[in-house]
Amino acid sequence: MTADRRWWALGAISLGTFMTYLDNNVVNVALPTIQRDLGLSISGLEWIVSGYILVFAGLMLVGGRLADLFGRRRIFMIGLGVFTAASLAAGLADNGTALIAARAVQGVGAALLTPTALALIRSVFPDERERGTAIGLWSAVGALALALGPLTGGFISENWRWGWIYLINVPIGLVTLGLGLWAIRVAPQDRVRRSLDVPGLVTSSLTLFALTYALIEGERAGWTSPEILGALGLAVAAALAFTVIEGRSREPMIDLSLFRSRVVSGGMLSMGLWAFGVFGIYFFTALYLQNVLGFSPLEAGESFVPMALLMAVTAALAPRISRLLGTARTVAAGLLLMAGAIFGISFVGQGGTFGDLLPWFLVYGLGGGLLVPITTTVLGMLPAERAGIAAGVLNVSREIFGLLGITVLGAILNGRQTTILAGGARPLTAFLEAYQSTLVVAALIVLVGVPVSLFSLRPSRAAHETETAPAERTAVPVAAE
């Protein structure tokens with residue numbers, strides 16, 4: 001592939017990722033409008049969001065495995081086509097059942113597309129330095145989706161029919177399909193697996209479906225209810241079965257011994273703590289902006305734009321920063337900045353303005369962008385032949401920890417709010433005090449990532465050696481120092 005076509009290929013891969021990230025963030029501010037137009041119950045409204053997340057997280061490892069088996073380019077295109085068609089169906093839906101079904105099919109497309117996108121970057125950019133730059137740019141596009149999602153959702157919900165939050169994916173998807181068919185060219189080793197490992201696929205998907213369902217429905221059903229305890233028990237049993245199956249398989253989905261590597265395990269934990277902070281803070285700060293400060297949906301969406309734009313710029317520059325400071329120090333600095341920003345936001349209070357929040361939002365965006373080197377480092381440690389499933393594992397850790405962020409912080413906020421209300425406080429005061437104390441907890445949890453990343457992502461003594469094992473893997477340096 002020519003050098004110019006490689007970067008066009010990156011554009012197609014990034015646009016595909018942009019669609020899924022945008023769709024994850026665009027729907028929240030439009031939910032009240034959807035509820036009025038379709039006459040949905042609160043439960044039905046929740047499943048518009050939850051149905052997508054459940055299928056997306058549950059099938060992400062399947063998507064990565066299929067990419068390794070049938071070819072990353074092929075599975076990327078199929079996922080893109082499924083996601084685009086499902087977006088059209090969602091935008092045209094005239095009842096809740098049709099919309100929830102279309103959202104679930106969108107989750108199938110996203111589960112095929114998202115891990116494959118990251119694996120394709122590894123195939124298209126075999127050079128480590130170029131790959132780091134490409135992942136930085138790809139991450140920057142994802143950060144732009146975080147900015148444009150709430151803004152687009154707010155604008156559409158105030159000015160257009162709600163269906164356009166999904167229909168905007170259709171032209172983007174068609175352009176991406178055309179660009180991808182022309183630009184994405186991969187080597188023959190793009191298809192590298194020989195068997196599907198059906199038992200591994202079934203048990204891994206069952207684990208993720210059950211765990212995701214429990215995290216989504218736990219607050220509604222009660223964490224000690226038979227429904228949630230059953231789901232958690234099923235997740236544990238399926239995970240144990242998956243471990244046994246993978247240990248005995250001749251061609252396992254995931255070589256479990258890789259998780260003994262401090263870089264792989266620590267990198268995924270650091271990525272998870274990042275997601276915990278990003279997902280949780282986005283969700284609850286959107287409520288704070290509208291319920292406490294009185295922002296409209298559009299104004300709330302606009303508030304996140306400077307933060308996400310700075311995150312995008314920093315993500316593009318993060319590979320260079322990592323080469324100067326080292327991966328461990330770069331990631332640790334990012335998590336430290338994020339924790340400090342979350343702590344700072346907790347002091348703004350009821351009389352705050354956007355000007356009071358902006359400095360902390362910018363610090364948060366700067367920190368979030370510095371975590372890009374985790375992806376490059378962890379992917380570099382895993383076998384090139386399993387880039388698809390490796391990307392799936394990375395994305396699963398991000399999604400599960402993100403759900404944990406919403407779930408754990410939500411439980412803390414609701415518990416604290418109930419206690420304050422019982423003391424006779426007004427609802428607005430109770431929400432604000434609970435929100436502020438929840439932010440402090442979130443900051444402390446994200447702060448845990450600082451020592452984790454400094455320990456796990458530090459370069460080993462063999463960081464500049466090249467290790468080769470002909471049939472299975474080509475190792476790359478632990479960190480680009």
Side-chain angles (χ1 to χ4, degrees), residues 25 28-29 136 139-140 142-151 154 270 273-318 320-322 325 329-373 402 405-406 409 413 428 431-450 453:
N25 293 281
N28 291 325
V29 293
S139 301
L144 283 176
L146 292 178
L148 295 178
L151 180 63
S270 298
L273 291 168
W274 172 85
F276 188 101
V278 168
F279 281 57
I281 299 308
Y282 255 77
F283 185 84
F284 294 109
T285 299
L287 295 177
Y288 163 72
L289 291 174
Q290 295 180 67
N291 295 345
V292 177
L293 300 188
F295 286 23
S296 70
L298 181 58
E299 289 171 336
E302 290 172 340
S303 300
F304 290 110
V305 171
M307 174 176 69
L309 289 177
L310 182 58
M311 190 182 297
V313 172
T314 308
L317 297 175
R320 293 185 184 181
I321 298 171
S322 177
L325 301 180
R329 288 189 289 272
T330 301
V331 172
L335 290 167
L336 182 62
L337 288 170
M338 287 177 64
I342 296 169
F343 189 69
I345 293 171
S346 71
F347 288 96
V348 174
Q350 185 173 352
T353 64
F354 175 67
D356 298 323
L357 290 167
L358 181 60
W360 299 116
F361 279 3
L362 293 177
V363 172
Y364 190 86
L366 179 63
L370 289 175
L371 269 74
V372 170
I406 296 174
L409 296 179
L413 189 149
L428 183 62
F431 172 81
L432 179 59
E433 290 186 18
Y435 168 72
Q436 290 175 310
S437 59
T438 301
L439 287 181
V440 174
V441 174
L444 293 174
I445 292 173
V446 173
L447 196 62
V448 172
V450 175
S453 56

Go through the steps to decide whether Phe343 and Val440 satisfy the test side chain to side chain contact (heavy atoms under 4.5 Å, CB included), and finish with yes or no.
CA-CA 6 Å; Phe343 189 69; Val440 174; 4.1 Å; yes
Please test Phe347 against Trp360 for side chain to side chain contact (heavy atoms under 4.5 Å, CB included), starting from the C-alpha separation and ending with a verdict.
CA-CA 11 Å; Phe347 288 96; Trp360 299 116; over 6 Å; no
Determine, step by step, whether Thr285 and Phe304 satisfy the side chain to side chain contact (heavy atoms under 4.5 Å, CB included) criterion, reporting the C-alpha distance in whole Å, the side-chain angles of both residues, the deciding distance to 0.1 Å, and the verdict.
CA-CA 10 Å; Thr285 299; Phe304 290 110; 4.1 Å; yes
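Nearest heavy-atom pair across Leu337 and Gly367 is CB-CA, 3.9 Å. Taking each heavy atom of Gly351 and Asp356 in turn, the nearest pair found is O-OD2, 4.3 Å. Shortest non-hydrogen contact noted between Leu335 and Val446 is O-CG1, 3.7 Å. Minimum interatomic distance between Leu439 and Ile342 (heavy atoms only, all atoms of both residues): O-CG2, 3.2 Å. Heavy atoms only, all atoms of each residue included: Val450 and Ala332 are closest at CG2-O, 3.7 Å. Closest heavy-atom contact between Ala318 and Gly369: CB-O, 3.5 Å.
For the pair Ser453 and Trp274, the minimum side-chain heavy-atom distance is 4.5 Å or more.
Within the model, atoms CG of Leu432 and OG of Ser437 stand 9.5 Å from one another, a figure rounded to the nearest 0.5 Å. To the nearest 0.5 Å, atoms CG (Leu370) and CE (Met311) are separated by 10.0 Å. Annotation: the span from Met307 atom CE to Leu358 atom CG amounts to 10.5 Å, rounded to 0.5 Å. Once rounded to the nearest 0.5 Å, the distance linking CG of Leu293 with CD of Gln350 reads 8.5 Å. In this structure, Thr314 OG1 and Leu371 CG are separated by 11.0 Å, a value rounded to the nearest 0.5 Å.
Aromatic ring pairs are classed by plane angle as parallel below 30°, tilted from 30° to 60° and perpendicular above 60°; the pair Tyr435 and Phe431 is parallel.
Here the options are Leu357, Leu309, Leu310, the test is side-chain contact (heavy atoms from CB on, under 4.5 Å), and the partner is Leu362; only Leu310 passes.
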